[in-house]
A.B. asks: 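Sharing a structure here in structure tokens format.
Just so we're on the same page: letters track the sequence lines, and every chain starts at 1.
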Number of protein chains: 2
Amino acid sequence: MSKQAPTLAQVAKIAGVSQMTASRALNDKPGVSHETREAVLKIASDIGYVVNRSAQKLSGSRNGIIGIMTPVLDNHYVGELVVGVGRAARAQGYETLVYTLFDEDRHSHRSVLGLIKQFTDGVVAILPRESAYFNALAAANVPVVAIDQRCSLDGFPSVSVDSYGGAVRAVEHLAQLGHTRIGFVGGDESIEGVRDRRRGYLDALARLGLPSDPNLIAPGDLSQMRAFEAGSSLLALSEPPTAIFAVNDLSAFGVIAAAREQGLRVPRDLSVVGFDDIPMASQVHPPLTTIRQPFAQMGRAAVNTLLSQMENDDAIAPRIVLPTELIVRESTGPAPRYAVGTRRTKRSDHDRTTSR
Amino acid sequence: MSKQAPTLAQVAKIAGVSQMTASRALNDKPGVSHETREAVLKIASDIGYVVNRSAQKLSGSRNGIIGIMTPVLDNHYVGELVVGVGRAARAQGYETLVYTLFDEDRHSHRSVLGLIKQFTDGVVAILPRESAYFNALAAANVPVVAIDQRCSLDGFPSVSVDSYGGAVRAVEHLAQLGHTRIGFVGGDESIEGVRDRRRGYLDALARLGLPSDPNLIAPGDLSQMRAFEAGSSLLALSEPPTAIFAVNDLSAFGVIAAAREQGLRVPRDLSVVGFDDIPMASQVHPPLTTIRQPFAQMGRAAVNTLLSQMENDDAIAPRIVLPTELIVRESTGPAPRYAVGTRRTKRSDHDRTTSR
DNA sequence: GTGAAAGCGCTAACAC
DNA sequence: GTGTTAGCGCTTTCAC
């Protein structure tokens, strides 16, 4: 079979220097002459030496690994974030290992943290709701930064996104297109980001002098199906909206499906704006106008913050809020010209009975 | 600050035994009296002892961690698999760490593998296309099992799914509902699973004595948007299909969107079957009839295979193919009664001009 | 059934 | 600049 992985001792021996010198050379530490360093580096590369990060960690130093803790990654939001953090970490010379929390985990906080601590120099926690882990994290004495839409956790540096501003931007965009009846499909109000979007929607309406009709707000739960229902009910109003701002992209998809189901075309008859800009948003028809969460930037911010926490243990915990960006694609267009209430013909109602 | 994590030495000292005895007790190894074991366990739990898996690994033994290598997890398929493997591993007492490969990784095969090897007892590789890593994996002498739709890699144990059978099942389902003109929206043919689905579709048609019209096969690329186009073109045929089997769920969504765009209702006017059963499939409207990939089972199979490879290094590499399951939801229904070609009125064509 | 010694691969601390 | 020593936390091997 393949031989054992080369060790530092072997590199040192071949180079004819001590392990320490080899170590210093490989780690870019001072105290090695230029030639010695070059020689060591060359030999290491020749024999395919790779440091053993377990040993590195065990001996009490950094090992260049950042841990990412996530809830089960079944949603796009988390997936994008993991990629964002991963790329940013790599750019800084760090590797990244993700540890997925399953719901059954409740008991094992301590051991999970132990594991993380043994393997990594610090952790980026993408924990959406339950803060139980945060307590454990706090006790574990590991550098941590939280990425979340609602990190009101004390003492942790955090990175989040300006949901409020994004919502305002979405409504403004719609208003600029001439829409005056703008609906909102919401989500789980226990999430701070969701509440912020709702507030943003309402405030923007008010600021623009547009009517804010409670009927135009439909509850959702961030899922496509629920948004389909919400959208359907909004469109069934006697004075339906000509535009809808959905709390996330998935919900926007649901709204578009509902519109189509009623014989409406997007964006001709209904404009729709989402939130997140998950990859699918640009790959559906019509490509979705949406508020982009700056995943890459969030990753970078998280990594940088983490690194500086590692340098300076007692640094004050920053709270970084990143701006969103309006991405105009093809799901929004000018408000229809027909007067409110005189909607163009829809297919007759018997046409809409459910099948099967 | 929080004190240092407790070590084995501390446990042993408190228990009044040697480290070795404590170690044996904690690892369920023979050679410890019942009472001693109980005592050690109790103390360990009391002081919150957690083994250091880095040290465990360094000292040459197993550490109970399974690595999962994945391409960037931006798609549902991979996400589900990660969850499946994670759960299965946990059920066997293993922790799981996922290492995400970024495209820029090309160079670093060796170091990645080094990293993996230092931290884990074995790895589940969810590598879709490039086998470059597989070579590295082969050379690294780490137990590996591949999960993939196309693992023709030699020597590796693999777990995959019976795409062919699934496709057959999908077509049979449609035929049973009375459909005779059944279309297919395909995907990237470089993926074995995709080719299998196409073959299954064709063979099932032949076996059922249904016409197999080349026009009824539209190319796709597994994305929703491309499937939207493919579906649109299929539905624009002079003799359009009354049912479409899409190569994956995302494509099925695209087809449904296309149908709606043309004023057709699903399933009344068009039945659609997907493949995968990603979580979204049940959360859209209408809930999607689809061929389920048994993600949980795949995870279990992968983990079990990996464990037995670990036991028995030179065991022959099994090639496990798991069956799929037809999940009937609401996107499929009886074939429309009207004769082929006398399609019910669609909205007039000028209605379909693109906006903006 | 239990323990002592040695070592996994590395780096911090202190020589020289 | 470079080398030596010690030790991270654990498990192996070999005693008893």
A.B. asks: For the pair made of CG in A:Asn52 and C1' in C:dC10, what is the distance, rounded to whole Å?
C.D. replies: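 In whole Å, C:dC10 C1' and A:Asn52 CG are 8 Å from each other.
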A.B. asks: Is there a side-chain contact between A:Leu97 and A:Ile68 in this structure, where contact means two heavy atoms from C-beta onward sitting under 4.5 Å apart?
C.D. replies: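 The answer is no; the side chains never approach within 4.5 Å.
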A.B. asks: Please report, rounded to the nearest Å, how far the P atom of D:dG9 is from the CZ atom of B:Phe119.
C.D. replies: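 Rounding to the nearest Å, CZ of B:Phe119 and P of D:dG9 are 16 Å apart.
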A.B. asks: Any side-chain heavy atom of A:Arg87 sitting closer than 4.5 Å to one from A:Arg300?
C.D. replies: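 No; the side chains remain at least 4.5 Å from each other.
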A.B. asks: How close do B:Gln309 and B:Pro157 get, counting heavy atoms only, and between which atoms?
C.D. replies: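 Answer, listing the atom of B:Gln309 first, then B:Pro157: CD-CG, 3.7 Å.
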A.B. asks: Look at the side-chain N and O atoms of B:Lys29 and state whether any lies under 4.0 Å from the OP1 or OP2 oxygen of D:dT11.
C.D. replies: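 The answer is no; no side-chain N or O of B:Lys29 sits under 4.0 Å from OP1 or OP2.
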A.B. asks: Separation of A:Arg53 atom CZ from D:dG9 atom P, in whole Å?
C.D. replies: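 Roughly 21 Å, once rounded to whole Å.
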A.B. asks: Counting N and O atoms only, with roles assigned by atom type, does the side chain of B:Gln293 sit under 3.5 Å from a partner on the main chain of B:Leu322, one being a donor and the other an acceptor?
C.D. replies: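 Judged by distance alone, no pair lies under 3.5 Å.
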A.B. asks: Give one of base, sugar-phosphate or nothing for B:Gln118, where a contact means two heavy atoms less than 4.0 Å apart.
C.D. replies: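 Since no nucleic acid heavy atom lies under 4.0 Å of B:Gln118, the category is nothing.
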A.B. asks: Quickly work out the B:Leu8 CG to C:dT2 P distance and round it to whole Å.
C.D. replies: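 Interatomic distance, CG of B:Leu8 to P of C:dT2: 15 Å.
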A.B. asks: Is there a residue in residues 54-66 of chain B whose heavy atoms reach under 4.0 Å of DNA chain C, and which residues are they?
C.D. replies: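 Close to the strand are B:Leu58, B:Ser59.
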A.B. asks: Mind checking B:Arg24 for me? I need base, sugar-phosphate or nothing, with any heavy atom below 4.0 Å counting as a touch.
C.D. replies: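 Base, at least one base heavy atom under 4.0 Å.
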A.B. asks: So A:Tyr94 and A:Leu307, do their side chains get closer than 4.5 Å, heavy atoms only?
C.D. replies: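 Yes, their side chains come closer than 4.5 Å.
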A.B. asks: Here's a test for you: under side chain to side chain donor-acceptor pair (under 3.5 Å), which of B:Lys57, B:Arg53, B:Gln56 qualifies with B:Asp121?
C.D. replies: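 Result: among B:Lys57, B:Arg53, B:Gln56, B:Lys57 is the only option passing the side chain to side chain donor-acceptor pair (under 3.5 Å) with B:Asp121.
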A.B. asks: Do A:Gln92 and A:Asn304 have side-chain N/O donor and acceptor atoms under 3.5 Å apart?
C.D. replies: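 Indeed, the side chains of A:Gln92 and A:Asn304 share at least one donor-acceptor pair under 3.5 Å.
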A.B. asks: How far apart are the closest heavy atoms of B:Val145 and B:Ala302, and which atoms are they?
C.D. replies: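 Closest pair (atom of B:Val145, atom of B:Ala302, distance): CG1-O, 3.5 Å.
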A.B. asks: Phosphate oxygens OP1/OP2 of D:dT2: is one of them under 4.0 Å from a side-chain N or O of A:Ser18?
C.D. replies: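 False: A:Ser18 side-chain N/O out of range (4.0 Å or more) of D:dT2 OP1/OP2.
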A.B. asks: Identify the heavy atoms of B:Ala25 and B:Val32 that sit nearest to each other, and give their distance.
C.D. replies: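 For B:Ala25 and B:Val32, the tightest heavy-atom pair comes out as N-CG2, 3.9 Å.
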A.B. asks: Using whole Å, report how far CE of A:Met20 lies from C1' of C:dC10.
C.D. replies: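 Computing the A:Met20:CE to C:dC10:C1' distance gives 9 Å.
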A.B. asks: When you measure from the side-chain N and O atoms of A:Ser23 to the phosphate of C:dC10, is any distance below 4.0 Å, counting only OP1 and OP2?
C.D. replies: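 Negative; the distance criterion is not met.
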A.B. asks: Quick one: A:Asp28 CG to D:dG1 P, roughly how many Å, whole number?
C.D. replies: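 Computing the A:Asp28:CG to D:dG1:P distance gives 14 Å.
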A.B. asks: Report yes if at least one side-chain N or O of B:Asn27 is closer than 4.0 Å to OP1 or OP2 of D:dT11; otherwise report no.
C.D. replies: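 For D:dT11, OP1 or OP2 has a side-chain N or O of B:Asn27 closer than 4.0 Å.
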A.B. asks: B:Asp121 has an atom CG; how far is it from atom P of D:dT11, in whole Å?
C.D. replies: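 The answer, rounded to whole Å, is 12 Å.
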A.B. asks: Output the residues of residues 31-51 of chain B in contact with DNA chain C, where contact means a heavy atom of the residue under 4.0 Å from an atom of the strand; sort by number or write none.
C.D. replies: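 Result for residues 31-51 of chain B: B:Gly31, B:Val32, B:Ser33, B:Thr36, sorted by number.
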A.B. asks: How long is the line joining CD of B:Gln19 and P of C:dG7, in whole Å?
C.D. replies: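 For the pair B:Gln19 CD and C:dG7 P, the rounded distance is 16 Å.
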